[in-house]
Amino acid sequence: MTTATAPVLAPSPAPAWARRAAHGIALCALPSGLWRIAMASGVYVGYSDQVLRDVFDIPGWGIVYVVGLSVLTELAALLPLLLVSGRWRVAVQPKVLGLVAWGVSGLLVFLAVWQLVVAFTVESQTYMESGIAQGVWWVTFSPLFAIPGLMTAVTWSYWARHR
């Protein structure tokens, strides 16, 4: 048999832990998106009306930005499901998709570390009032820090099944 006539082996299905991790990524992005939508719809989230107007342009174009950011974040969080689903066939070679997924995993780790640095700077904490609102902010945004680890696990599973 030559390589031209050799049968193409279908990759093995994703393990259950990888499927759970991919779904976990989408769930980790959900609380922060809901927090942003609450902010855009006028629910008090710890910012004064003046800060919402001057810094975030809410009401105004800031609403479009904040809601759009929430939608894009959730759509991006759903993309790892393509790496574990057997129903979807991406029009990219598995090796190329694996390399892209590893790049995205590395970028997510970098962004998570960067966000931790930003979260503890003085300027990022000047606008929000302390107390319950800041606690709610931490609860809704802290699941985002699990995404790099989950994405790396899903990527490793995809890479191991397609090499």
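Taking hydrophobic clusters as Ile, Leu, Val, Met, Phe, Trp and Tyr residues chained together by side-chain heavy-atom distances below 4.5 Å, Phe141 shares a cluster with Ile132. When hydrophobic clusters are built by joining Ile, Leu, Val, Met, Phe, Trp and Tyr residues whose side-chain heavy atoms come closer than 4.5 Å, directly or via intermediates, Met39 is not grouped with Val43. No continuous path of hydrophobic side-chain contacts links Val51 to Trp61 [ILVMFWY only; heavy atoms under 4.5 Å]. Cluster membership check: Leu52 shares its hydrophobic cluster with Val55, using side-chain heavy-atom separations under 4.5 Å among Ile, Leu, Val, Met, Phe, Trp and Tyr.
A pairwise comparison of heavy atoms in Ala40 and Val66 identifies CB-CG1, 4.1 Å as the closest pair. Between Ala21 and Leu150, the closest heavy-atom pair is CB-CD2, 3.9 Å. The minimum heavy-atom distance linking Ala18 with Val154 is given by the pair O-CG2, 3.6 Å. Closest approach of Ala22 to Val84, counting heavy atoms only: CB-CG2, 3.7 Å. Nearest heavy-atom pair across Arg161 and Pro13 is CD-O, 3.4 Å.
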| Candidate pair Leu83 and Met151, rule side chain to side chain contact (heavy atoms under 4.5 Å, CB included), full reasoning | CA-CA 10 Å; Leu83 298 177; Met151 183 64 188; 4.0 Å; yes
| query | Is there a side chain to side chain contact (heavy atoms under 4.5 Å, CB included) between Glu74 and Ser70 once you walk through the steps? | reply | CA-CA 6 Å; Glu74 195 57 41; Ser70 297; over 6 Å; no
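Clustering of Ile, Leu, Val, Met, Phe, Trp and Tyr side chains at separations under 4.5 Å places Leu34 together with Leu30.
Taking CG of Asp54 as the reference point, atom CG of Asp49 lies at 10.5 Å (rounded to 0.5 Å). Between the CG atom of Leu79 and the CD1 atom of Ile25 there is a distance of 10.0 Å, given to the nearest 0.5 Å.
Within the structure, side chain to side chain donor-acceptor pair (under 3.5 Å) contacts touching residues 22-46 (residues at least two apart or in different chains) are Tyr44-Glu129.
Here the side chains of Arg19 and Ser157 are not in contact, with every heavy-atom distance at 4.5 Å or above.
Take Tyr65 and apply the side chain to side chain donor-acceptor pair (under 3.5 Å) test, not counting sequence neighbours, and it matches no residue.
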